[in-house]
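Notes follow the structure.
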Amino acid sequence: MANITKKVSWSSRGDDSALTGEGTPLLNGTEIPKPSRKDPIRGRPKEIPHNEKLLSLKYESLDYDNIENQLFLEEERRMSPMGFRCLEISRWVICGLIGILTGLIACFIDIMVEKLAGYKYQVIKENIEKFTEVGGLSISLILWAVLNCAFVLVGGIMVAFFEPIAAGSGIPQIKCYLNGVKIPRVVRLKTLVVKVIGVICSVAGGLAVGKEGPMIHSGAVVAAGVSQGRSTSLKRDFKMFEYFRRDTEKRDFVSAGAAAGVSAAFGAPVGGVLFSLEEGASFWNQMLTWRIFFASMISTFTLNFFLSIYHGKPGDLSNPGLINFGRFESDSVAYYYYEIPLFMCMGALGGLLGALFNSINYWLTIFRIRYVHRPCLQVIEALLVAAVTAAVSFTMIYFSNDCQPLGPEHNEEYPLQLFCADGEYNAMATAFFNTPERSVRSLFHNQPGSYNPMTLGLFTLTYFFLACWTYGLAVSAGVFIPSLLIGAAWGRLCGILLASFTPTSPIWADPGKYALIGAAAQLGGIVRMTLSLTVIMVEATGNVTYGLPIMLVLMIAKIVGDYFQEGLYDIHIKLQSVPFLHWEAPATSHWLTAREVMSSPVTCFNRIEKVGTIVDVLSNTSTNHNGFPVVVQVLDSDEPAKLCGLILRSQLIVLLKHKVFVELARSRLSQRKLQLKDFRDAYPRFPPIQSIHVSQDERECMMDLTEFMNPTPYTVPQDTSLPRVFKLFRALGLRHLVVADDVNRVIGLVTRKDLARYHLGKHGLEELQLAQT
Amino acid sequence: MLPYNLYLFFVFVAIDVPSLKCGDVAHLSASESADKLEAVPSLSTAAVSSPVPAVDTGFSFSLLSSFPEDLEVSDYCSDLLHIFGQRYVAYVNCLVPAARPVKVCQSCYSTYGSVVEIYKNISSDQMGPGNVTCRDSLLRSDRLMLVYQLYSNLESLWEDSNCAQCVTGDLESLTNDTLYFMSTLNQTLTCFEKYQQGNHTELCKNCKSAYGTLNVLYSQMEKNSTLCIDIEDAMNMTRRLWSKNFNCSFPREENVPVIAVSSFMLFLPIIFYLSSFLHSEQKKRKLIHPRRAKSNTSLMNIQDKLS
């Protein structure tokens with residue numbers, strides 16, 4: 001009963017309750033049509049503040065389903081067996097190229113970050129040393145903040161003004177792409193350029209970010225670009241790989257690119273493949289897996305090869321990925337069965353902290369979407385974060401009393417002495433005055449006793465909030481490394497405390513080992529990846545024996561975290577209002593049938609349709625449909641039209657552009673027959689309907705769609721349950737699913753947004769609203 | 001690291017001594033003084049004229065006293081072995097007192113040189129008098145390879161201490177850099193001594209330049225990698241004196257400006273967020289109502305069943 005009262009109040013109060021963010025209607029059958037009946041009466045669209053329970057109209061599906069029309073069959077007939085073999089070979093060539101280019105980009109980012117950050121820290125270090133002696137350390141603080149801001153300013157402007165889609169880690173976007181959602185501009189060359197420069201700037205700018213997430217996005221863009229053999233941004237067509245210019249093929253390559261990105265970022269080829277599997281698993285086969293693995297391997301070893309040249313050891317291929325956790329090999333990091341429960345407790349803690357992180361970031365992101373949406377405000381926000389990061393780090397270092405003797409092998413890249421005795425360095429500075437990756441490494445590998453518990457505690461606390469605040473800014477930046485760093489800090493703290501409880505056997509509480517487990521727990525608690533993350537961690541540390549504890553820790557972190565809050569990437573996907581299809585339909589949705597889910601009535605075309613009708617339908621901005629069932633009307637009879645095919649907006653536009661009209665074909669016999677190539681040439685940026693000029697005479701012509709439509713679209717009867725429809729969509733990568741009745745009449749059309757709007761909320765099944773964003 | 005190695009050393013010496021003792025008591029007494037050793041060649045020859053395998057099982061000496069001629073070690077080799085023993089002992093005798101404060105490079109490089117020289121003789125494949133080489137018979141006729149082990153222990157000690165950085169290549173003298181560092185160090189220490197009585201602030205002020213020069217010199221040598229354990233240890237001690245004993249580190253006395261600047265920076269985002277909350281227009285989303293089939297009875301029935 002509670003549900004109903006709530007619902008009534010929602011419909012009567014209208015806009016007001018929506019402000020609370022609880023405006024989602026509960027799915028209760030009878031009420032659904034109510035808004036649609038009321039809306040035309042009110043005559044104005046309802047406006048609500050942005051919240052997570054929306055689906056944006058901006059996003060469309062990718063056409064993963066192969067259109068087996070007559071053109072396709074013809075082309076296949078013409079192609080020789082040799083041609084197919086060549087295609088297969090060129091797939092491998094493309095995967096190789098993807099690996100090489102991704103590796104090169106990773107190499108470029110790595111070297112640039114090292115150079116720029118090295119320069120920055122050198123300048124600040126000299127400045128601090130100077131002012132420690134003569135006084136005026138607040139000037140060093142300002143210098144640090146200004147340098148940070150300068151880098152972040154460049155990155156922020158690039159992202160906010162030139163390509164906003166390049167913000168963040170890019171993993172949510174790639175996840176959506178592999179799920180089958182077309183995110184505008186996500187795999188463009190411009191995005192890649194902005195992403196690469198942006199990530200260099202934000203890491204060199206000292207933000208609490210990593211460069212690993214953006215690598216995955218970069219790999220995906222490289223893959224999407226290389227596989228097409230042309231660049232629409234540069235207006236260059238290399239006349240290569242034309243066969244792959246469609247969504248199905250491109251998606252396969254993008255998954256290879258994402259895998260290559262992971263593998264370059266972490267030196268984890270298998271982890272990369274599994275990442276692609278985990279995030280884009282609905283479309284998969286063995287041959288593709290093998291190709292993706294090839295791309296990953298090539299990418300890792302390209303990176304190794306060029307880094308070995310950079311480090312002056314050409315030919316040494318054993319240099320691992322961008323983030324190098326170092327090797328856990330010595331005997332002191334062995335673990336015993338009685339430590340497993342401890343690890344599991346740490347996993348639970350990681351889950352809790354991860355959920356806290358995600359919750360804070362969730363509210364922050366909502367605030368940002370609602371209020372900080374202007375590009376200049378976004379840049380200012382990024383600058384402020386950079387300045388505060390510098391100020392907080394400096395204050396921490398300044399007031400830290402943790403002095404450690406300089407080691408013989410100089411693990412510390414930029415040791416700061418400040419007020420420590422000569423020959424000693426400030427331990428807080430190794431954590432803050434460093435790129436995050438180096439800090440992770442020193443937390444993993446420095447000798448026991450390199451850090452005070454106090455230092456680690458303070459560091460965890462501040463870095464937790466800094467990282468949480470930073471993620472979601474308009475800069476390209478990943479969340480992997482900050483998570484690892486937070487986890488490594490509290491993990492090491494746990495190790496130190498354990499060792500202090502059991503002074504007799506110091507070996508079994510080696511802090512480096514606990515830092516690793518803590519890092520895994522925290523990362524798992526934030527991103528909630530399972531299989532791929534385990535393998536990535538195992539590969540990045542180069543130690544298979546840690547497989548079991550890392551797996552257990554990630555499992556528990558996920559279970560505990562999911563109880564409170566979703567994973568960070570899922571939250572961001574939701575907040576972007578993306579129609580994302582999860583693995584399964586919502587649990588209690590079997591009672592929903594295709595009839596309730598589908599959109600109806602459907603705009604259909606006749607098999608031989610008047611051009612004017614088509615142009616009018618396509619030009620109608622209020623119904624921005626992309627797929628149109630094609631029906632055939634038996635002449636001179638009252639029988640309703642029956643379904644005979646499905647045609648896409650993009651196809652119609654190409655047809656209109658080439659003026660494939662019945663009358664013209666008759667008058668001009670010499671006219672070239674339209675081929676599949678013409679459709680591919682227009683891919684992926686089909687011109688809008690407004691750019692196609694159709695004269696008044698031509699509007700009277702007829703168009704025969706028989707050759708071009710998909711003659712065998714998938715259909716379901718109207719009583720099919722939602723989970724069944726869902727499964728079809730997820731497994732086949734469908735974009736449109738026609739709902740037909742028993743005599744094959746079209747009664748509705750199910751699209752991705754119709755399915756994605758159902759989700760399991762706190763009060764049972766809820767429905768998301770469509771919104772214009 | 002160093003004390004541990006020295007400890008090992010003592011162990012080796014301790015092992016070494018009983019094995020010789022079995023040979024001859026006179027040898028043992030002689031081994032205590034490097035000078036006397038030269039005077040008793042015949043005795044020591046007799047002592048080590050037993051076949052090499054006998055060395056690793058000293059107790060069976062009497063049983064194995066009569067190996068055939070060709071298996072026994074030649075006089076020449078046993079002479080070499082004897083000299084090796086003398087020099088070895090001399091080196092260890094030099095090392096132990098130099099353990100703390102570390103002066104192993106400065107005081108013992110010449111004795112180390114003599115050990116290296118004799119080992120080179122033993123291990124060379126040049127024929128000695130009577131066409132014998134001692135390499136095989138002394139170094140690798142048994143599992144223990146005592147001579148080799150002893151020598152390689154010394155060698156690793158030498159490497160760990162980085163003494164090669166401070167000593168010229170022919171082990172004849174200390175390098176100029178080292179000597180210069182030592183003199184600079186002495187100046188600093190003299191300065192410390194001068195002002196040690198009385199107020200330490202006086203010392204901090206007056207010895208700052210000397211200490212500073214030393215520090216600069218040290219970091220320069222660190223860059224050129226011309227440091228050995230002696231210099232590192234001396235520098236460590238001096239730094240400890242300076243920072244801990246005399247308390248001349250920089251004081252933390254700028255708390256107020258640092259706190260002021262950083263709290264100002266912390267304050268900025270609060271203003272930013274507040275102002276954007278108050279002044280920025282909230283982004284609104286237009287809702288769109290999809291076309292749906294009219295509600296039907298079957299759904300109602302299910303709903304009724306559910307509730």
Side-chain angles (χ1 to χ4, degrees), chain A residues 28-30 32-33 35-36 39 45-50 54 57 132-133 135-138 141-142 145 367 369-374 377 380-381 384-385 387-388 390-392 394-395 398-399 418-424 591 593 595-596 598-601 747-748 753-754 769-773, chain B residues 1 211 215 222 232 235-236 238-240 242-244 247-266 268-269 271-273 275-296 298-307:
Chain A
N28 257 333
T30 48
I32 295 176
S36 56
D39 213 38
K46 216 154 72 91
E47 286 200 347
I48 61 161
H50 186 91
L54 291 176
L57 281 188
T132 316
E133 204 171 328
L137 274 173
S138 47
L141 164 58
I142 292 169
F367 181 86
I369 293 176
R370 285 188 189 169
Y371 296 103
V372 195
H373 47 80
R374 291 222 300 277
L377 284 182
I380 294 173
E381 193 192 9
L384 287 176
V385 175
V388 169
V392 168
F394 190 90
T395 319
Y398 184 89
F399 287 105
L418 276 174
F419 312 113
C420 287
D422 286 2
E424 293 187 340
W591 56 275
T593 61
R595 199 183 310 116
E596 283 100 38
M598 69 189 186
S599 306
S600 173
I747 55 169
K753 278 170 209 133
D754 296 321
Q769 286 167 306
L770 284 179
Q772 204 132 37
T773 53
Chain B
M1 207 57 218
Y211 178 73
N215 245 336
E222 199 172 20
E232 286 169 39
M235 193 66 211
N236 269 347
T238 323
R239 279 177 168 172
R240 202 173 302 162
W242 176 260
S243 308
K244 298 263 164 76
N247 227 346
C248 296
S249 293
F250 303 114
R252 184 180 298 158
E253 50 195 13
E254 294 177 65
N255 297 354
V256 178
V258 168
I259 291 174
V261 172
S262 38
S263 43
F264 170 71
M265 284 186 183
L266 284 174
L268 286 178
I271 298 173
F272 172 78
Y273 284 119
S275 69
S276 57
F277 179 72
L278 295 175
H279 297 297
S280 185
E281 191 189 337
Q282 187 173 173
K283 208 165 213 181
K284 299 271 188 178
R285 304 296 187 195
K286 280 191 200 119
L287 286 190
I288 286 164
H289 295 290
R291 292 183 292 175
R292 298 260 174 257
K294 294 279 176 279
S295 76
N296 51 67
S298 70
L299 178 63
M300 291 276 289
N301 293 343
I302 294 168
Q303 280 298 294
D304 291 342
K305 264 184 260 167
L306 281 175
S307 59

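Within every chain, numbering begins at 1; the chains are lettered A, B, ... in the order of the sequence lines, protein sequences first and strands thereafter. Just so it is clear, the model here is predicted, and its values are computed rather than measured. Values below: every heavy atom of this structure, side chains too, minus hydrogens, waters and symmetry copies.
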Any residue meeting salt bridge (charged side-chain N to carboxylate O under 4.0 Å, His left out) with Lys244(B), in chain and number order, not counting sequence neighbours
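Partners of Lys244(B) by the salt bridge (charged side-chain N to carboxylate O under 4.0 Å, His left out) criterion, ordered by chain and then number, come out as Glu424(A).
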Using a cut-off of under 4.5 Å on heavy-atom pairs, state which of Ser263(B), Ala260(B), Ser276(B), Cys248(B) scores highest against chain A.
Ser276(B)
Which pair of heavy atoms, one from [X] and one from [Y], lies closest together, and at what distance?
X	Y	value
Ala391(A)	Met265(B)	CB-SD, 3.7 Å
Pro269(B)	Val388(A)	CG-CG2, 3.5 Å
Lys284(B)	Pro49(A)	CD-N, 4.2 Å
Ser262(B)	Leu141(A)	N-CD2, 4.0 Å

Is Leu54(A) close to chain B through its backbone or its side chain, or both, or neither, when contacts mean heavy atoms under 4.5 Å?
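Contact with chain B: side chain only.
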What distance do [X] atom [atom1] and [Y] atom [atom2] have between them, rounded to the nearest 0.5 Å?
X	Y	atom1	atom2	answer
Leu770(A)	Arg285(B)	CG	CZ	13.5 Å
Ile288(B)	Gln769(A)	CD1	CD	11.0 Å
Lys286(B)	Glu47(A)	NZ	CD	6.0 Å

In this structure, are over 12 heavy atoms from other groups packed under 6.0 Å from Phe367(A) atom CZ?
yes
Flag yes if more than 12 heavy atoms outside Phe399(A) fall under 6.0 Å of its CZ atom; otherwise flag no.
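Count over threshold, so yes.
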Can you tell me which of Leu57(A), Leu377(A), Val372(A) forms the most heavy-atom pairs within a distance under 4.5 Å of chain B?
Leu377(A)
Among Val392(A), Leu384(A), Ile369(A), which has the most heavy-atom pairs under 4.5 Å with chain B?
Leu384(A)
With side chains defined as the heavy atoms from C-beta onward, is the minimum distance between His373(A) and Ser280(B) less than 4.5 Å?
yes
Side chains of Val261(B) and Ile142(A), heavy atoms from C-beta outward: is any pair under 4.5 Å?
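A side-chain contact exists here, since the closest heavy-atom pair is under 4.5 Å.
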Please classify the contact between [X] and chain A as side chain, backbone, both or neither, with a heavy-atom cut-off of under 4.5 Å.
X	value
Glu281(B)	backbone
Tyr273(B)	both
Asn215(B)	side chain

